[in-house]
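Just below is one structure, and these are the notes that go with it.
In listed order, ligands and their atoms are each counted from 1.
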Amino acid sequence: MDHLLLIRYGEIGLKGKNRHLFEDQLMRNVRAALGERLPGRVRRAYGRVFVELDDPSHTQPALERLQKVFGIVAVSPAIRVPLTVEAVEEAAVELVRRQGLAGPRTFRVQARRPNKAFPLTSQEINERIGALLLRTFPQLKVDLHHPELVVAIEVREQGAYLYSDQVPGPGGLPVGVSSHALLLLSGGIDSPVAGWMAMKRGIRLDAIHFHSPPFTSERSLDKVKDLTRVLAAWGGPMRLHVVRFTEIQKELRRHAPAELMITLMRRFMLRIAVAVAKDVGALALVTGESVGQVASQTLENMSVINAVTNMPILRPLVGFDKQEIVERAQAIGTYPISIRPYEDCCTIFVPEHPATRPQLAEVEAAEGALDVEALVREAMASVETFSISEAQVDAMQA
Ligand code: ATP
Ligand code: MG
């Protein structure tokens with residue numbers, strides 16, 4: 001009797017070459033998620049991925065890890081046995097016994113037999129195993145429609161697989177199948193959720209953060225590193241690029257109309273983010289913007305800000321209410337970090353009455369008083385990059 005984890009993934013729309021890319025990436029990500037702490041073999045067969053853990057006592061922690069691997073729809077602990085009726089019977093009893101005394105009262109057997117060489121049909125398996133379980137566990141009753149326990153049996157070429165419980169995965173696509181983007185990560189609630197949503201569509205992320213020392217503290221930077229670490233638990237190790245934004249903000253305060261401050265700051269952030277994205281080979285930016293939340297998120301403002309680049313900007317939260325974003329942040333695990341009360345580079349310099357409908361011409365005129373290119377170049381020279389995994393943060397050489 002081999003103990004393994006059976007991974008189900010979304011198959012809709014996966015055909016031909018895409019299907020192979022998807023599966024290869026999923027297997028790499030599963031291996032990476034289990035890492036050295038939970039060693040085992042990861043293999044694929046007939047549209048499923050299987051993990052055979054070296055140590056079956058790792059099942060629970062492995063299940064927990066796999067619940068964070070995008071692309072996985074569900075995971076079940078399973079038993080694989082040789083293709084004999086006796087072995088299947090023994091495994092079915094073992095599967096129910098594992099449920100414990102406080103376990104289910106009603107059950108149903110659900111057999112499938114793609115391997116027609118097996119001596120019993122699926123209906124015969126259902127009946128035979130059902131009768132055996134009724135004899136062995138007197139507390140059990142059959143309920144075909146709403147059973148508490150489904151004993152699933154799949155008879156394949158390599159053996160018979162039996163499983164019952166399944167835990168849900170996050171769904172989506174394996175990170176890495178959809179190329180690479182750069183997440184604008186503030187310390188707020190929204191942008192980490194936006195990054196999670198992008199990863200869920202298979203996008204590998206780098207993150208960029210703007211800070212303004214000494215107006216923003218080391219602790220506000222730690223907060224962003226902690227947020228990155230939570231994202232890395234879902235999508236694998238990530239690089240965080242930290243940009244010093246102080247000089248630009250000072251320059252804007254000196255030379256630009258206060259009510260355009262936010263719009264101008266955002267345009268600078270975007271220019272720098274585009275430059276970093278090109279450096280790291282990212283094809284798009286991701287932000288936590290949604291429409292109408294704050295002054296800088298009117299469509300008028302967004303279009304003036306967006307005018308500095310034609311790089312695609314993904315805004316996965318655009319249709320979410322704040323409450324939906326908060327709930328998602330709690331489920332992801334970023335919420336408690338996001339609400340730590342440290343200052344943010346943008347809140348420090350915000351004017352009392354930001355323009356909600358700035359005109360592109362007036363914004364460009366205000367920038368005429370600045371050496372935009374030099375400011376961007378200077379900010380680019382300040383970039384510090386950290387390599388962040390779930391467990392740790394490492395400074396990287398530039
Ligand atoms: P968040 O909760 O993500 O901070 P927000 O609701 O506060 O978003 P804004 O302040 O308008 O909204 O910021 C919009 C987006 O701009 C953020 O979601 C983020 O993607 C990006 N952004 C804002 N500040 C920073 C920063 N200091 N560094 C990097 N990106 C930032
Ligand atoms: Mg914010």
Side-chain angles (χ1 to χ4, degrees), residues 181-198 205-213 215-217 220-225 227-228 230-231 238-246 248-249 252 261-277 282 284-302 304-306 308-309 311 313-318 320-330 332 334-351 354-356 358 379 382-384 386:
L182 180 65
L183 169 68
L184 280 83
L185 183 62
S186 70
I189 294 169
D190 303 340
S191 42
V193 177
W196 186 90
M197 303 273 295
L205 292 178
D206 273 31
I208 183 170
H209 176 70
F210 297 88
H211 71 155
S212 294
F215 304 106
T216 57
S217 66
S220 81
L221 183 55
D222 286 342
K223 175 178 171 181
V224 173
K225 289 177 183 166
L227 287 170
T228 310
V230 174
L231 292 178
M238 255 168 94
R239 283 176 299 183
L240 170 67
H241 310 279
V242 177
V243 184
R244 186 179 158 96
F245 207 49
T246 321
I248 290 175
Q249 286 180 308
L252 287 174
M261 188 76 186
I262 292 189
T263 311
L264 291 165
M265 265 173 8
R266 293 273 186 242
R267 281 166 62 93
F268 272 100
M269 281 190 183
L270 212 50
R271 289 185 181 104
I272 295 163
V274 166
V276 170
L285 303 177
V286 179
T287 77
E289 291 165 304
S290 71
V291 176
Q293 247 190 35
V294 287
S296 61
Q297 294 177 13
T298 61
L299 281 183
E300 289 83 355
N301 231 320
M302 275 189 193
V304 170
I305 294 166
N306 216 151
V308 300
T309 182
M311 182 174 274
I313 302 178
L314 308 182
R315 300 180 175 91
L317 306 186
V318 80
F320 277 4
D321 297 339
K322 194 69 186 186
Q323 188 53 33
E324 292 171 299
I325 300 172
V326 165
E327 283 165 17
R328 192 62 65 93
Q330 280 164 333
I332 296 168
T334 50
Y335 186 76
I337 304 171
S338 289
I339 60 172
R340 287 185 207 158
Y342 303 121
E343 61 300 310
D344 169 311
C345 74
C346 297
T347 48
I348 290 172
F349 290 85
V350 275
T356 53
S382 78
V383 173
E384 265 184 286
F386 300 88

Can you measure from [atom1] ([X]) to [atom2] ([Y]) and round to the nearest 0.5 angstrom?
{"X": "R266", "Y": "N306", "atom1": "CZ", "atom2": "CG", "value": "12.5 Å"}
{"X": "D190", "Y": "I325", "atom1": "CG", "atom2": "CD1", "value": "4.5 Å"}
{"X": "S186", "Y": "I208", "atom1": "OG", "atom2": "CD1", "value": "12.5 Å"}

For the residue pair S290 and Q297, establish whether any side-chain heavy-atom pair is separated by less than 4.5 Å. yes
[X] to ligand 1: N or O pair under 3.5 Å?
{"X": "F210", "result": "yes"}
{"X": "K322", "result": "no"}
{"X": "L184", "result": "yes"}
{"X": "I208", "result": "no"}

With heavy atoms under 4.0 Å as the rule, classify the contact between L183 and ligand 1 as side chain, backbone, both or neither. neither
Tell me which part of H211 gets within contact of ligand 1: side chain, backbone, both or neither, using heavy atoms under 4.0 Å. neither
What atoms in ligand 1 come closer than 4.0 Å to a heavy atom of [X]?
{"X": "D190", "result": "1 (P), 2 (O), 3 (O), 5 (P), 6 (O), 8 (O)"}
{"X": "E289", "result": "14 (C), 15 (C), 18 (O)"}
{"X": "T287", "result": "20 (O)"}
{"X": "G288", "result": "17 (C), 18 (O), 20 (O)"}

Across all chains, not counting sequence neighbours, the side chain to side chain contact (heavy atoms under 4.5 Å, CB included) partners of A275 are M380
With sequence neighbours left out, write down each residue that passes side chain to side chain contact (heavy atoms under 4.5 Å, CB included) with P213, or none if nothing qualifies. H211, T216, R244, T246
Donor on one side chain, acceptor on other, T298 and T356, under 3.5 Å: no
Min heavy-atom dist R266 to ligand 1 below 4.0 Å: yes
For the backbone of E324 and the side chain of E327, can you confirm whether one donor and one acceptor N or O come within less than 3.5 Å of each other? no
Going by the closest heavy atom to atom 31 (C) of ligand 1, which one wins out of S220, G188, S186, S212? S186
